[in-house]
Q: 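A single structure is presented below for examination.
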Amino acid sequence: MTEHPALALADAVATELTDPATAPLDKPAVTSHRQSLAHGLPGIALLHIERAAAGRGPWQHAHTWLTAAASTPLTSGPDSHPFYGAPALAHALACAAEHLPNAYASALDALDQQMRMDVARRLDTARRRLDAGDLPALAEFDAIRGLAGYGAYLLRRPGSEDALRAILEYCVHLTEPITHDGASLPGWWTPLGPSGRLDERFPGGHANNGMAHGVGGVLALLALAARRGHLVEGHHHALRTILAWLDQWQHNTGSGPSWPYWVTQEDMRTGELPHTGSQRLSWCYGTAGIARAQQLAALTLGDTARQVVAEHALSVALHEPSQLRHTTDPGMCHGVAGLAHIAARALQDAHASTRPQLLAVLPTLLDVVHSPQAHPTPAAQALLHNHRAGAGFLDGAAGIALALLAPTTGSSPRTAWDACLLLG
């Protein structure tokens, strides 16, 4: 694949973020968000780690950012989660250590031990909740704050097999129906709103389908674990249970399937499909992330028909202006750069019949992120001075630069930087 001019934007962002002492960071990035993978220093370190592993930058830049991220005491225990505190730094360090034998070994050993302790505590809390017959909070199981996120990390860490197995067993249990107030609900039904708080707009709660906060992330974790040979009792049945749920709530747009962000009590009562027409495509919610999770599950199960449907759904959604127009942000989490990365990831695993469709969407997505006529340096500076998005990984410039690497070079990520997104 010929390198797209958007790769120059990624290079320019990295140049602007060479040194944390001089980089244009907003105040929260170096204060309240310092330990945040989403908005702070560990996420920016990921950009330099991936670039160094790909031979596009020096390892010293990665080390400088990792050192800055670790320069203050790390939050661990109940106040941390996969995107904040010790787990966030652990993800970045582990990505670097894959390419630097023996580097950061003692720090990673300590962080892994802390992560395993945190997982044991979280699983104990989940068991008590199950014993009481209560419904879970999203933060119990999701990719950002919960056990799916911990599983994504432990999947790559030697010596963590027991903790990983316990998480996978929990995920299988999560797919079993639960009876609450006389109603049979999927085990991941939460009494809360999508924000993780009680919400009068969601009386009785909801079932969240998203990759970031819902069962899409659980599906992806189970699929990725199985593909790496980590299987527990009921593993494939759990995959099929989630897939059957998504089939039940699949909406036909006229050109391909899509899936709603969530299902409410009213949807369950009426059986009517939630409208998906005004939903933006993204990693965190909606068809793009769910299609990748279904592709991974289909590959795990050897279900070629489902794989083709998932890949077709993704390519159609990314081709269709009526769906794509709702995605106006350039970022990783819910923006166009993230869509380009998902498409590139799906393309690497795609069936021969759908590869041309997925390949065809990449140039358009890249042009939306960075026009070939635009000069990369001012474009990078504009991204970095966007005070709403900032320099960070999930919404900001570093994440955009990372997301552009695979689709502009035609190469798989050299590190597991996107493991935290459960994309591969």
Q: Write out all pairs satisfying ring pair (Phe, Tyr, Trp, His ring centres under 6.0 Å) with one or both partners inside residues 156-188, taking only residues at least two apart or from two chains.
A: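 Those involving residues 156-188 are Trp188-Trp245.
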Q: If you count the non-hydrogen atoms of other residues, nucleotides and ligands that lie under 6.0 Å from CG in Asn102, is the total more than 12?
A: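 For Asn102, atom CG is not crowded (no more than 12 foreign heavy atoms under 6.0 Å).
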Q: Any heavy-atom pair between the side chains of Leu9 and Leu383 that's under 4.5 Å?
A: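 A side-chain contact exists here, since the closest heavy-atom pair is under 4.5 Å.
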Q: Taking only residues at least two apart or on different chains, which pairs with a member in residues 128-139 satisfy salt bridge (charged side-chain N to carboxylate O under 4.0 Å, His left out)?
A: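 Residue pairs passing salt bridge (charged side-chain N to carboxylate O under 4.0 Å, His left out), neighbours aside: Asp124-Arg128, Arg129-Glu140.
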Q: Are the side chains of His236 and Thr300 in contact, using a 4.5 Å heavy-atom criterion?
A: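 Yes. Closest side-chain heavy atoms under 4.5 Å.
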Q: For atom CD of Glu161, is the number of surrounding heavy atoms from other residues, nucleotides or ligands below 6.0 Å larger than 12?
A: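 Count over threshold, so yes.
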Q: Is the backbone of His63 close enough, under 3.5 Å, to the side chain of Thr67 for a donor and an acceptor to pair up by distance?
A: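 Confirmed, Thr67 side chain pairs with His63 backbone.
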Q: Taking side chain to side chain contact (heavy atoms under 4.5 Å, CB included) as the criterion, tell me which of Leu402, Leu66, Ile44 meets it with Ile49.
A: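 Of Leu402, Leu66, Ile44, side chain to side chain contact (heavy atoms under 4.5 Å, CB included) with Ile49 is met by Leu66 alone.
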Q: Would you check if the side chain of His319 reaches a backbone N or O of Ser315 as a donor-acceptor pair within less than 3.5 Å?
A: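 Answer holds: yes.
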Q: Would you please name every residue forming a side-chain contact (heavy atoms from CB on, under 4.5 Å) with Leu192, sequence neighbours left out?
A: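 Result, side-chain contact (heavy atoms from CB on, under 4.5 Å) vs Leu192: Ala137, Thr190, Leu198.
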Q: Taking atom types as modelled, find out whether Gln295 and Arg292 have a side-chain donor-acceptor pair closer than 3.5 angstrom.
A: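 There is such a pair between these side chains.
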Q: Can Arg388 and Asp329 be counted as an ion pair, charged N to O under 4.0 angstrom?
A: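 Yes, this pair counts.
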Q: For residues 391-406, which residue pairs pass the side chain to side chain donor-acceptor pair (under 3.5 Å) check, not counting sequence neighbours?
A: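 As it turns out, there is no side chain to side chain donor-acceptor pair (under 3.5 Å) pair with a partner in residues 391-406 once direct neighbours are skipped.
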Q: Can you list everything that forms a side chain to side chain donor-acceptor pair (under 3.5 Å) with Gln307? Sequence neighbours excluded, please.
A: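 So Gln307 forms a side chain to side chain donor-acceptor pair (under 3.5 Å) with Glu311.
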Q: Could you tell me whether a side-chain N or O of Asn209 sits under 3.5 Å from a main-chain N or O of Pro260, the two making a donor and an acceptor?
A: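 Answer holds: yes.
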Q: Could you tell me which residues satisfy side-chain contact (heavy atoms from CB on, under 4.5 Å) with Ser36, sequence neighbours excluded, listed by chain and number?
A: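 Once residues adjacent in sequence are excluded, the partners of Ser36 under the side-chain contact (heavy atoms from CB on, under 4.5 Å) criterion are His33, Ala38, His39, Tyr84.
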Q: Donor-acceptor pair, Asp109 side chain versus Ser106 backbone, under 3.5 Å?
A: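 No.
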Q: Enumerate the residue pairs fulfilling salt bridge (charged side-chain N to carboxylate O under 4.0 Å, His left out) with a member in residues 238-256, sequence neighbours excluded, ordered by first and then second residue.
A: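 Passing the test, one end in residues 238-256: Asp247-Arg306.
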Q: Mind checking salt bridge (Lys or Arg N to Asp or Glu O under 4.0 Å) for Arg156 and listing every partner two or more places apart, or none if nothing turns up?
A: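 So Arg156 forms a salt bridge (Lys or Arg N to Asp or Glu O under 4.0 Å) with Glu98.
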Q: Just by distance, do the side chain of Gln265 and the backbone of Gly205 share a donor-acceptor pair under 3.5 Å?
A: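 No: the side chain of Gln265 does not pair with the backbone of Gly205.
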Q: Do side-chain atoms of His235 reach the backbone of Leu222 as a donor and acceptor pair under 3.5 angstrom?
A: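 A pair under 3.5 Å: yes.
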Q: Report yes if some heavy atom in the side chain of Gln294 is under 4.5 Å from a heavy atom in the side chain of Trp259; otherwise report no.
A: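 Touching, per the 4.5 Å side-chain cut-off.
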Q: Using side-chain heavy atoms (C-beta onward) and a distance below 4.5 Å, is Cys171 in contact with Val218?
A: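 Counting from C-beta outward, Cys171 and Val218 do come under 4.5 Å.
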Q: Any side-chain to backbone donor/acceptor pair from Thr415 onto Glu50? Under 3.5 Å, distance only.
A: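 Not at all, since once roles are kept as given, no pair shorter than 3.5 Å links the two residues.
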Q: I want to check something: taking the side chain as every heavy atom from C-beta on, are Phe393 and Cys420 in contact at a cut-off of under 4.5 Å?
A: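 A side-chain contact exists here, since the closest heavy-atom pair is under 4.5 Å.
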Q: For the pair Trp283 (side chain) and Ala288 (backbone), establish whether a donor and an acceptor sit closer than 3.5 Å, ignoring hydrogens and angles.
A: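 Checked: no pair found.
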Q: State, yes or no, whether a side-chain contact exists between Glu272 and Asp267 at a heavy-atom distance under 4.5 Å.
A: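 No, side chains not in contact.
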Q: So, does Ser160 use its side chain to make a donor-acceptor pair with the main chain of Ala163 at under 3.5 Å?
A: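 Judged by distance alone, no pair lies under 3.5 Å.
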Q: Angle between ring planes, His213 versus Tyr285, binned at 30° and 60°: parallel, tilted or perpendicular?
A: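 The arrangement is tilted - the two ring planes meet at 30° to 60°.
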Q: Only pairs at least two apart or in different chains count here, so list each side chain to side chain donor-acceptor pair (under 3.5 Å) that has a residue in residues 72-82.
A: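 Side chain to side chain donor-acceptor pair (under 3.5 Å) check on residues 72-82 returns Gln35-Thr75.
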Q: According to the salt bridge (charged side-chain N to carboxylate O under 4.0 Å, His left out) rule, which pairs have a member within residues 170-194, sequence neighbours left out?
A: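 Output for this query is empty, none listed.
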Q: Output all residues satisfying side-chain contact (heavy atoms from CB on, under 4.5 Å) with Arg228, sequence neighbours left out; order by chain, then residue number.
A: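 Testing Arg228 for side-chain contact (heavy atoms from CB on, under 4.5 Å), a comparison that skips the adjacent residues, returns Leu155, Leu224, His230.
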Q: With a cut-off of 6.0 Å (strictly less than), are more than 12 heavy atoms of other residues, nucleotides or ligands near CD of Glu233?
A: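 No, because the 6.0 Å sphere around CD of Glu233 holds 12 heavy atoms or fewer from other groups.
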Q: Could you work out, with side-chain contact (heavy atoms from CB on, under 4.5 Å) as the rule, every residue matching Arg197, not counting sequence neighbours?
A: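 Ser195.
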